[in-house]
Amino acid sequence: MLGYPCMNHTLRERDPPLRCNRDMRKATFAERGLPYASELALQNVEDLHEILAWNADHGIRFYRCTSTLVPWNSQFDLTDLPDYEAIRAVAERCGELIEREGMRLTFHPDYWCRLASDSADTRANSVEAVEYHADWLDLIGLDRSPYYGINVHIGATYGDKAATAERFRDAVDTLSPGARARLTVENDDKESLWSVPELVDALSGTGVPVLFDYHHHAFTDRGLTYREAFDLATETWGDVRPATHYSESARLHGADARPQAHAEFPGRVPTWLRERSDVMIEADGKEQAVFGVRDNY
DNA sequence: TCATGTCAAGCGCTG
DNA sequence: CAGCGCTTGACATGA
């Protein structure tokens, strides 16, 4: 399966727009509080259902939802929301659609989610973030499996990789069963950070799978080919079909961009990657980029 | 309605 | 050493 993250450009441009990333600023949350958070969450979940339905109609069965599905969820429990029952009902319909259509849904908490941080506050916020993503997956009614994953980066070294790996494993141990069972960890896009072999080593014994990002591997290859790194990561998934990320550098497409920047429309996903994993196409072209890649076969 | 500046949260790195 | 970029856009204000 091929998929795309977050926004669907086609549906975003409708009037009214369909999107599941309605958010608000701190001052607005302070002013309007739970009722407005509830209203936004309900609209977001309703639109998530429409996006999933559109995806199914267009043969796209893999989707990553944004982390603003329930805005400000770090500040309350889902059950505190005035519209909780309505939200739950729509979430269940999303789950039924996903089951019926054989779809795959994942999440990717924001950049500040740093489970191995050397700051206890940052670690606590990060654990909390993984937990509320797990609450959403429970609400939708999806299995507690990395198949419906919550994907994070370690994303830093704090000057000591061994100590960072240990803090990461400790954080994993503090997660609830539902959060822990869904966690996946992706290789970073900076030479100094976490490569596939380093993650495999750091996570050995935890059961947490390594999510292989093809483009990022170029920055942390450690002498391994793409296929070697993918094979290494795939072993960590056990019986679960791996999820992977694919993108191409914008530079390959002539842009004067930093090497890490994504091309708007990547060309062709390697056949071996498509055959052996579900591939999230990370590109500004979003759903159109999936169509473009599909047309190249 | 639209343009513009700003926005909760962490990091490493660049200019 | 400030600001950028990530997995990236949207909110809020004022004309």
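Every chain is numbered from 1, with letters handed out A, B, ... down the list of sequences.
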Measure from [atom1] on [X] to [atom2] on [N] and round the result to the nearest Å.
{"X": "A:His9", "N": "C:dA10", "atom1": "NE2", "atom2": "P", "result": "8 Å"}
{"X": "A:Phe219", "N": "C:dG5", "atom1": "CZ", "atom2": "P", "result": "15 Å"}
{"X": "A:Met24", "N": "B:dT6", "atom1": "CE", "atom2": "C1'", "result": "17 Å"}
{"X": "A:Trp194", "N": "B:dC11", "atom1": "CH2", "atom2": "P", "result": "14 Å"}
{"X": "A:Leu18", "N": "C:dG9", "atom1": "CG", "atom2": "P", "result": "17 Å"}
{"X": "A:Phe29", "N": "C:dA10", "atom1": "CZ", "atom2": "C1'", "result": "18 Å"}
{"X": "A:Asn8", "N": "C:dA10", "atom1": "CG", "atom2": "C1'", "result": "17 Å"}

Report yes or no: do [X] and [Y] form a side-chain donor-acceptor pair below 3.5 Å?
{"X": "A:Asn151", "Y": "A:Thr184", "answer": "yes"}
{"X": "A:Glu186", "Y": "A:His245", "answer": "yes"}
{"X": "A:Thr220", "Y": "A:Ser195", "answer": "no"}

Answer yes or no: side-chain N or O of A:Ser74 and base N or O of B:dA8 forming a donor-acceptor pair under 3.5 Å. yes

State which of [options] makes the closest approach to the side chain of [X].
{"X": "A:Tyr158", "options": "B:dA9, B:dG10, C:dG5", "value": "B:dG10"}
{"X": "A:Asn21", "options": "C:dT8, C:dA10, B:dC11", "value": "C:dA10"}
{"X": "A:Thr157", "options": "C:dT8, B:dA8, B:dG12", "value": "B:dG12"}
{"X": "A:Gln75", "options": "B:dA8, C:dT8, C:dA10", "value": "B:dA8"}
{"X": "A:Arg64", "options": "B:dG10, B:dC13, C:dT8", "value": "C:dT8"}
{"X": "A:Leu193", "options": "B:dG10, B:dA9, B:dG12", "value": "B:dG12"}
{"X": "A:Trp72", "options": "B:dA8, B:dC11, C:dG9", "value": "B:dA8"}
{"X": "A:Met7", "options": "B:dC11, B:dC13, C:dA10", "value": "C:dA10"}
{"X": "A:Arg19", "options": "B:dA9, B:dC11, C:dA10", "value": "C:dA10"}

For nucleotides [N] and [M], find the distance between their [atom1] atoms and express it as a whole number of Å.
{"N": "C:dC4", "M": "C:dG9", "atom1": "C1'", "answer": "16 Å"}
{"N": "B:dT6", "M": "C:dG3", "atom1": "P", "answer": "12 Å"}
{"N": "C:dT8", "M": "B:dT4", "atom1": "P", "answer": "26 Å"}
{"N": "C:dC6", "M": "B:dA9", "atom1": "C1'", "answer": "14 Å"}

Smallest separation among heavy atoms of [X] and [Y], with atom names:
{"X": "A:Ala156", "Y": "A:Trp194", "answer": "O-NE1, 2.8 Å"}
{"X": "A:Met7", "Y": "A:Tyr63", "answer": "N-OH, 4.4 Å"}
{"X": "A:Cys65", "Y": "A:Leu69", "answer": "SG-CD1, 3.9 Å"}

By the 4.0 Å heavy-atom rule, please label [X] as base, sugar-phosphate, or nothing.
{"X": "A:His216", "result": "sugar-phosphate"}
{"X": "A:Asn125", "result": "nothing"}
{"X": "A:Glu282", "result": "sugar-phosphate"}
{"X": "A:Ser192", "result": "sugar-phosphate"}
{"X": "A:Arg12", "result": "sugar-phosphate"}
{"X": "A:Asp121", "result": "nothing"}

Between A:Lys26 and A:Asp284, which is nearer to the 5' end of DNA chain C once each is assigned its nearest nucleotide? A:Asp284

Take A:Phe76 and A:Trp72, measure what ring pair (Phe, Tyr, Trp, His ring centres under 6.0 Å) needs, and give me the verdict at the end. CA-CA 8 Å; A:Phe76 51 82; A:Trp72 290 89; 9.0 Å; no

Are the aromatic ring centres of A:His216 and A:Phe212 under 6.0 angstrom apart?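 Judged by ring-centre distance (under 6.0 Å), A:His216 and A:Phe212 do not meet the cut-off.
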
Parallel, tilted or perpendicular: which fits the ring planes of A:His133 and A:Trp136, with parallel below 30° and perpendicular above 60°? tilted

Just to be sure I follow the notation: if a pair is Watson-Crick (purine N1 to pyrimidine N3 plus N6-O4 or O6-N4) or a G-U wobble (N1-O2 and O6-N3), each under 3.5 Å, what dot-bracket string does DNA chain C give, with | for pairs to another strand? ||||||..|||||||

